[in-house]
Amino acid sequence: MESTVRRALALGYPVTLAADGHTTTDNPILPAAQIVAHHNATLANLGAYGVRASIQDCAAIQF
């Protein structure tokens, strides 16, 4: 997922991510909640591409 978001931003596409839509599990180093928080924070703060990813709860995303 992270590579896809970075590539889309590099191509100039605005990206909306579901903050509560990740699928992951605990691993030996981090619990799932920390993994999700890390991805949300990292991807929302990428600024090198000009456009940024928007992080929203699933209920707030409209098509």
Side-chain angles (χ1 to χ4, degrees):
M1 181 247 336
E2 187 169 340
S3 295
T4 302
V5 171
R6 289 175 182 273
R7 182 64 177 150
L9 293 173
L11 291 171
Y13 293 103
V15 174
T16 301
L17 293 173
D20 51 344
H22 298 277
T23 56
T24 191
T25 59
D26 295 349
N27 67 39
I29 299 170
L30 294 171
Q34 284 186 320
I35 296 167
V36 169
H38 166 77
H39 281 292
N40 287 344
T42 299
L43 295 173
N45 289 301
L46 292 175
Y49 301 107
V51 293
R52 290 186 177 254
S54 169
I55 311 296
Q56 299 180 21
D57 289 337
C58 287
I61 298 173
Q62 296 182 13
F63 295 93

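All values reported here derive from a predicted model rather than from experimental measurement. Here, residue 1 is the first one in the sequence, and each next residue gets the next number.
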> Should Thr42 and Arg6 count as side-chain neighbours, where that means a heavy-atom distance under 4.5 Å?
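When only atoms from C-beta onward are counted, Arg6 and Thr42 do touch, with a gap below 4.5 Å.
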
> Taking all heavy atoms of Ala18 and all of Cys58, pick out the closest pair and write down the distance.
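That closest heavy-atom pairing would be CB-SG, 3.5 Å.
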
> Any idea which heavy atoms bring Val5 and Leu17 closest together, and the distance?
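That would be CG2-CD2, 3.6 Å.
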
> Side chain to side chain donor-acceptor pair (under 3.5 Å): which pairs involve residues 18-29, sequence neighbours left out?
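Pairs touching residues 18-29 that pass the test: His22-Asn40.
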
> Distance check, rounded to the nearest 0.5 Å: Leu9 atom CG versus Arg7 atom CZ?
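It is 11.0 Å, given to the nearest 0.5 Å.
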
> Give me each pair satisfying side chain to side chain donor-acceptor pair (under 3.5 Å) with a member in residues 50-63, each pair once, sequence neighbours excluded.
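Listed once each, the pairs are Ser54-Gln56.
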
> Restricting to side-chain contact (heavy atoms from CB on, under 4.5 Å), what partner residues turn up for Ala33, sequence neighbours left out?
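Per chain and number, Ala33 pairs via side-chain contact (heavy atoms from CB on, under 4.5 Å) with no residue.
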
> Could you identify which residues cluster with Ile29, counting Ile, Leu, Val, Met, Phe, Trp and Tyr as linked when any side-chain heavy atoms lie under 4.5 Å apart, either directly or through a chain of such contacts?
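Cluster partners of Ile29: Leu30, Ile35.
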
> Please say yes or no: joined through hydrophobic side-chain contacts below 4.5 Å, possibly via intermediate residues, are Tyr49 and Leu43 part of one cluster?
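Yes, because Tyr49 and Leu43 connect within a single hydrophobic cluster, where side-chain heavy atoms sit under 4.5 Å apart.
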
> Please enumerate all residues that pass side-chain contact (heavy atoms from CB on, under 4.5 Å) together with Ala8, with sequence neighbours excluded.
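In terms of side-chain contact (heavy atoms from CB on, under 4.5 Å), with neighbours along the sequence ignored, Ala8 is linked to Tyr13, Val15.
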
